[in-house]
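A quick write-up on the structure given underneath.
Chain letters run A, B, ... following the sequence lines, proteins first and then strands; every chain starts at 1. Remember, predicted model here, so these are calculated numbers, not experimental data. Atom set for the values below is all heavy atoms of this structure, side chains included, hydrogens, waters and symmetry mates excluded.
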2 protein chains.
Amino acid sequence: MNDLEKKLRDAGLRPTKQRLLISHYLFSGPQMHVTADSLYSELIDRDINISLATIYNVLNVFTSHGLLREISIDPSRSYFDTNIKRHYHYYFEKTGKLEDISIEELKISPMPEKKNGFDVNCVDVVIRVDG
Amino acid sequence: MNDLEKKLRDAGLRPTKQRLLISHYLFSGPQMHVTADSLYSELIDRDINISLATIYNVLNVFTSHGLLREISIDPSRSYFDTNIKRHYHYYFEKTGKLEDISIEELKISPMPEKKNGFDVNCVDVVIRVDG
DNA sequence: CAACTAGTTTAGAATAGTTCTAAAATAAAC
DNA sequence: GTTTATTTTAGAACTATTCTAAACTAGTTG
């Protein structure tokens, strides 16, 4: 059983052909940010034909099983981040590109843990920049 | 010339009937968060019939002229905030409600001013909570 | 491995939020 | 009051995403 197959099984997901192909693209190289559409095109470019419905399925199921993190940047598109550790983002408004900011670079205090008795699921920080 | 009319003119906008009605709803009471749909329904409830196309027009033009701020929370809908001063948000995922966090309550350091020579337009912080 | 079961993929239809179109209405300027 | 530019509107169009239901596949059981 290879690394990617293990990664999927550990997340409680069946390692299907499509999920493994997508995982190979997403998780074998450097960390990346994708949209459903950008992922679909990149796979087509590599002669990997997976239906758009499956791309959406896989992105959603990977997100709900903790393999990806969804980022709300632009109300017209969902971005997904292969880096699931706590971190923040620069967003370059002209180019649409994202860049990570580590929690060492940017401090938030007090880091909220609870609100009205509810758990904090996630702290999203987006610094929007021209250019 | 009343306050709302002045507010629109100062922003470089013609004070049309529809813009004044929407301004009255948005800017005469306490600060609020709306979506196109929530604003449309609230106006219908008050027997103010403005087409949905105009609601979208007005929200967009108010945002581009600095009377509203758009918040990226949920990729399926755009939220607009009548509070245009720097502040942050709690987002209650189950109810879809927003609550403000003042910059006194939550500190970010170092507050970014520039990135790669580009100005920082805006620092968005969203704390997602269950409930 | 053959049969079975539950989960997955797919094309295409459906949906939801938003923008576009072009005609009628209105605000501001002359 | 006439003219001109802007705004509003209904409905069509568009785009990102989800749904549907049939075909397929992974994992399980005998």
Side-chain angles (χ1 to χ4, degrees), chain A residues 1-2 4-26 33-44 47-65 67-68 70-80 96, chain B residues 1-2 4-26 33-44 47-65 67-68 70-80 96:
Chain A
M1 171 154 54
N2 72 30
L4 290 174
E5 188 175 341
K6 180 165 180 2
K7 188 179 175 97
L8 293 181
R9 286 193 196 281
D10 287 353
L13 296 172
R14 283 194 186 177
T16 65
K17 199 176 118 207
Q18 290 83 351
R19 287 177 183 170
L20 286 167
L21 287 165
I22 292 174
S23 295
H24 182 258
Y25 175 74
L26 292 176
H33 305 107
V34 300
T35 63
D37 218 60
S38 76
L39 176 56
Y40 183 68
S41 315
E42 289 294 331
L43 293 175
I44 294 290
D47 287 311
I48 297 168
N49 286 77
I50 295 176
S51 78
L52 194 52
T54 299
I55 299 287
Y56 276 103
N57 268 336
V58 171
L59 288 173
N60 288 333
V61 87
F62 279 14
T63 302
S64 64
H65 286 71
L67 301 179
L68 289 175
E70 191 167 2
I71 313 169
S72 277
I73 290 279
D74 177 338
S76 76
R77 264 174 306 206
S78 276
Y79 282 75
F80 296 86
Chain B
M1 171 153 54
N2 71 31
L4 290 173
E5 187 175 340
K6 180 165 180 359
K7 186 178 176 101
L8 293 180
R9 285 193 196 281
D10 287 353
L13 296 172
R14 282 192 187 179
T16 65
K17 200 176 117 208
Q18 290 82 350
R19 288 176 181 170
L20 285 167
L21 288 165
I22 292 173
S23 295
H24 182 259
Y25 174 74
L26 292 176
H33 305 108
V34 299
T35 63
D37 218 60
S38 77
L39 175 57
Y40 183 69
S41 315
E42 289 294 331
L43 293 175
I44 294 290
D47 286 311
I48 297 168
N49 286 75
I50 295 176
S51 78
L52 194 51
T54 300
I55 299 284
Y56 276 102
N57 268 336
V58 171
L59 288 174
N60 288 333
V61 87
F62 279 14
T63 302
S64 64
H65 286 71
L67 301 180
L68 289 176
E70 192 168 3
I71 314 170
S72 277
I73 290 279
D74 177 338
S76 76
R77 273 174 295 207
S78 275
Y79 283 75
F80 296 86

For the helix from C/dC1-D/dG30 to C/dC30-D/dG1, what is the angle between the axes at its two ends, each from 5 pairs, rounded to 10°? 30°

4.5 Å side-chain heavy-atom contact, A/Arg77 and A/Asp37: no

Contact string for nucleotides 24-30 of chain C, one letter per nucleotide 5' to 3', B = base within protein heavy-atom range under 4.0 Å, S = sugar-phosphate only, - = neither, reads ---BS--

Roughly how far apart are B/Ile71 CD1 and A/Ser72 OG, rounded to 0.5 Å? 11.5 Å

Residues forming a side chain to side chain contact (heavy atoms under 4.5 Å, CB included) with A/Phe80, sequence neighbours excluded: A/Val34, A/Leu59, A/Asn60, A/Thr63, A/Leu68, A/Glu70, A/Ser78

Which pairs, with at least one residue in residues 10-21 of chain B and sequence neighbours excluded, count as a salt bridge (charged side-chain N to carboxylate O under 4.0 Å, His left out)? B/Lys6-B/Asp10

Specify the separation, in whole Å, of atom CG of B/Leu39 and atom P of C/dG17. 15 Å

Run the side chain to side chain contact (heavy atoms under 4.5 Å, CB included) test against A/Ser76 and tell me which residues pass, sequence neighbours left out. A/Asp74

Partner residues of A/Ile48 under the side chain to side chain contact (heavy atoms under 4.5 Å, CB included) criterion, sequence neighbours left out: A/Leu21, A/Leu43, A/Arg46, A/Ile50

Partner set under side chain to side chain donor-acceptor pair (under 3.5 Å) for B/Thr54, not counting sequence neighbours: B/Ser51

To the nearest Å, how far apart are B/Tyr40 OH and C/dA16 P? 16 Å

If I take atom CG in residue A/Leu8 and atom C1' in nucleotide C/dG7, what distance separates them, rounded to the nearest angstrom? 14 Å

Between D/dG27 atom C1' and A/Leu20 atom CG, what is the distance in whole Å? 15 Å

CD1 of A/Ile50 versus P of C/dT8: gap in Å, rounded? 15 Å

Given atom CG of B/Leu59 and atom P of D/dT8, what is their separation to the nearest angstrom? 12 Å

Look for any protein N or O under 3.5 Å of an N or O in nucleotides 16-24 of chain D and output each such pair with its distance, or none.
from	atom 1	to	atom 2	distance (Å)
D/dT17	OP1	A/Ser78	N	3.0
D/dT17	OP2	A/Tyr56	OH	2.4
D/dT17	O5'	A/Tyr56	OH	3.3
D/dT18	OP2	A/Asn60	ND2	3.0

Would you say A/Ser51 places a side-chain N or O within less than 4.0 Å of OP1 or OP2 belonging to C/dT10? yes

With sequence neighbours excluded, what pairs up with B/Leu20 under the side chain to side chain contact (heavy atoms under 4.5 Å, CB included) test? B/Leu4, B/Glu5, B/Leu8, B/Pro15

Using side chain to side chain donor-acceptor pair (under 3.5 Å) as the criterion, list what pairs up with A/Ser38, not counting sequence neighbours. A/Thr35

Gap between atoms CG and P, on B/Asp74 and C/dA16 respectively (whole Å): 14 Å

Nearest whole angstrom, please: distance from the C1' of C/dT8 to the CZ of A/Arg19. 6 Å

A/Leu39 vs A/Leu26 side-chain heavy atoms within contact, under 4.5 Å: yes

For residues A/Tyr79 and A/Gly96, report the shortest heavy-atom separation together with the two atoms involved. OH-O, 3.3 Å

